[in-house]
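So the structure is just underneath, and the comments pick up after that.
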There are 2 protein chains.
Amino acid sequence: MSFFTETPVTSSDKTFYLLRKALVEGEIKPGAKLSEVELSTKYEVSRAIVREAINRLESCNLVERKPNVGARVVTLTHEGLIELYQVREALEGMAARLAAQNMSDQEIADLQALLNIHGEDVQKRGSYYQEAGDVDFHYRIIVGSKNDHLISMLQNGIYHLVRMYRVQLGMEGPRVTTAFDEHLNIVRAIANRDPELAEILMRRHITYSKRNIGNKLNAQSSV
Amino acid sequence: MSFFTETPVTSSDKTFYLLRKALVEGEIKPGAKLSEVELSTKYEVSRAIVREAINRLESCNLVERKPNVGARVVTLTHEGLIELYQVREALEGMAARLAAQNMSDQEIADLQALLNIHGEDVQKRGSYYQEAGDVDFHYRIIVGSKNDHLISMLQNGIYHLVRMYRVQLGMEGPRVTTAFDEHLNIVRAIANRDPELAEILMRRHITYSKRNIGNKLNAQSSV
DNA sequence: GAGGACTATATTGTCGACAAATCTAGATTG
DNA sequence: CAATCTAGATTTGTCGACAATATAGTCCTC
C-alpha cells in the first residue's frame with residue numbers, strides 16, 4: 001500500500017478514517033442509523049468530532065443525512081452501482097485521455113513495469129491479480145492525469161463507495177486475464193501518446209467490468 | 001429561477017449559503033483567509049456553525065483547508081479553469097448521453113420549448129441569451145440524466161466553482177448565437193434518442209466555450 | 001377499534017469555554 | 001548582523017451543556 005497514505009493529523013481525521021473503514025467493510029451495515037451519541041461513546045470522542053466525521057462521510061456519498069433527523073449508511077442497490085459506474089466511466093475515461101498527454105515518460109515506464117509483474121503473476125498462479133493490483137493500476141492513471149479536480153473527485157467522491165460495493169457484494173472474483181489484457185492495451189495507448197484511444201479503451205474496460213458485476217448481481221439475486 | 005430552490009432549514013445551512021454566495025460573487029476575495037471567529041461575529045452565529053459551513057465549502061472545492069492552520073478561499077488560475085472544464089466535459093458529456101436515454105418525451109418537449117424562447121430572444125434583441133439561459137439549459141440535461149451521482153457531483157462539486165470563475169473573470173460575454181446553435185443540435189440529438197451524438201456534441205460545446213474563455217483570459221492578462 | 005391530539009423521551013442543532021497548536025515578535029547568542 | 005530560541009498572543013481543535021426538533025407512546029374522542 002504505497003499510495004493512499006492518509007495520516008490522521010487531528011482527532012476528527014482519525015474518527016473519520018475509522019468510520020469510513022467500518023462502513024466500507026460492512027462492519028456498520030448499509031441502511032443503519034448513525035447515532036452521534038452512540039458513536040461518540042464507542043470511539044471515545046466528543047459528539048462534535050463524530051458530527052464532523054459524519055459530515056465528511058456525507059461528502060463521500062457514504063451516508064445520507066436529513067436535517068433534524070440524522071444520518072444513515074447508504075443502501076447498495078443494483079441501480080446505484082450502475083449509476084456509479086457510469087460516473088466512473090466518464091471520469092476515468094477522461095483521466096486516461098489526460099494521462100496520455102501528461103504522464104511523464106518515467107511514470108509510463110513504471111506503469112509498464114507494474115503491469116509486467118502482474119502479467120507474470122497471472123501466468124504463474126493464474127490469478128492473484130485482484131483488488132490491490134487493479135486499484136493500483138487505476139490509481140496511477142488517475143494521478144497521471146495531473147488534473148487535481150479529477151483526482152479529488154475520484155478519490156473522495158467515488159473511490160470508497162466503489163470499494164464498498166466491491167467488498168460487500170463479494171466482487172473480488174475472476175475476470176482476471178481479460179481485464180489484464182485490457183490494462184495492457186490502455187497502457188500501450190498511453191505510451192503511444194494517443195489520448196483518444198486511451199479514453200475509448202478505458203471506457204470500454206469500465207463498461208465491461210460493470211457488465212461483469214451486473215451479471216454477478218443478477219446471478220446472486222436469482223438464487 | 002425555478003430550479004435550485006435550496007431552502008435553508010438549519011442555521012448552518014443558512015450560513016453556508018450566505019458564505020457560498022459571498023465567495024462566488026467575490027465579496028470575499030480569492031486567497032483570503034476565513035477566520036472562524038471573525039465570520040461568527042459577522043454572521044452572528046456560533047463558531048461551530050461557521051466551522052461546519054466552511055467544511056461544506058471545502059466539499060464544494062471553494063475553499064482549501066489545512067489542519068490547525070485554517071481555511072482560505074481558492075485562488076482562480078488559468079490552469080485551474082482548464083482542469084475544471086475538463087471535468088465538466090467528461091461529466092456533462094455523460095449527462096447528455098444519459099439524457100438521450102432517460103429523459104421523458106415531455107421533458108424533451110419542454111426543453112425544446114425553452115430553446116425556442118431563447119431563439120426568439122436571440123433573433124429579437126440579438127442577445128440576452130446569457131448566464132441564466134445557459135445555466136438553465138445545462139441544468140435540465142444534467143437532471144435529465146436521472147443519475148443521482150452525476151447530478152450531485154455537478155451541482156455540489158463543480159457548478160458553484162464554475163460560476164465563481166464566470167462571475168469574477170467577467171465571463172458573461174458574447175458567444176451567444178453559436179452557442180445557441182450548439183444547444184439546438186444537442187437537443188436534436190437527445191430528441192432523436194442518439195446518446196453517442198448527444199455526448200459528442202455536448203463535449204464539443206464545452207470544449208468550445210473553454211477555448212473561448214481561455215482566449216478571453218489571455219486577452220485580459222496581456223493588456 | 002381507529003384516528004388524532006398531547007405528553008414524554010430521545011436525538012440533533014447550537015452555544016460558550018477550555019485545550020492544543022500555530023504564528024509573531026522580541027530577546028539572546030554565535 | 002543573522003539565526004535561533006522563547007514567551008505571548010491568536011487561531012483552531014475539542015468538549016460538555018443547553019435548546020430545538022422529531023419520534024414514540026398514551027390518552028381521549030368519535
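Values below: all heavy atoms of this structure, side chains included; hydrogens, waters and symmetry mates excluded. Lettering follows sequence order; numbering is per chain, from 1.
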For B:E52 and for B:R47, locate the closest nucleotide of DNA chain C by heavy-atom distance; then report the residue assigned to the nucleotide nearer the 5' terminus.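 This one resolves to B:E52.
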Is A:R88 close enough and on-axis enough to A:Y85, meaning under 6.0 Å and within 45°, for cation-pi? yes
Give a yes or no answer on whether the side chain of [X] reaches the backbone of [Y] with a donor-acceptor pair at less than 3.5 Å.
X      : Y      : result
B:N61  : B:G157 : yes
B:R193 : B:A100 : yes
A:E36  : A:G70  : no

Assess whether a salt bridge exists between B:R203 and A:E199, defined as any Lys/Arg side-chain N lying under 4.0 Å from an Asp/Glu carboxylate O.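 A:E199 and B:R203: salt-bridged.
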Salt-bridge present (B:K33, B:E38; N to O < 4.0 Å): no
B:H138 vs B:H205 aromatic rings, parallel, tilted or perpendicular, using cut-offs 30° and 60°?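 Taking B:H205 first and then B:H138, their aromatic rings lie parallel (interplane angle under 30°).
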Between which nucleotides of DNA chain D, 5' to 3', does chain B make heavy-atom contacts below 4.0 Å?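 Range of nucleotides touched by chain B: D:dT11 to D:dT14.
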Contact list for DNA chain D against residues 27-45 of chain A - heavy-atom distance below 4.0 Å: A:V45
Consider salt bridge (Lys or Arg N to Asp or Glu O under 4.0 Å). Of A:K42, A:R20, A:K21, which one does A:E27 pass it with? A:K42
Taking only heavy atoms on the protein side, list every residue of residues 55-72 of chain A lying under 4.0 Å from any atom of DNA chain C, sorted numerically.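 A:R65, A:P67, A:N68, A:V69, A:G70, in order of number.
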Determine whether B:K146 and A:E83 make a side-chain contact, defined as any pair of heavy atoms from C-beta on separated by less than 4.5 Å. no
Do B:V50 and B:V45 come close enough that some side-chain heavy atom pair is under 4.5 Å? yes
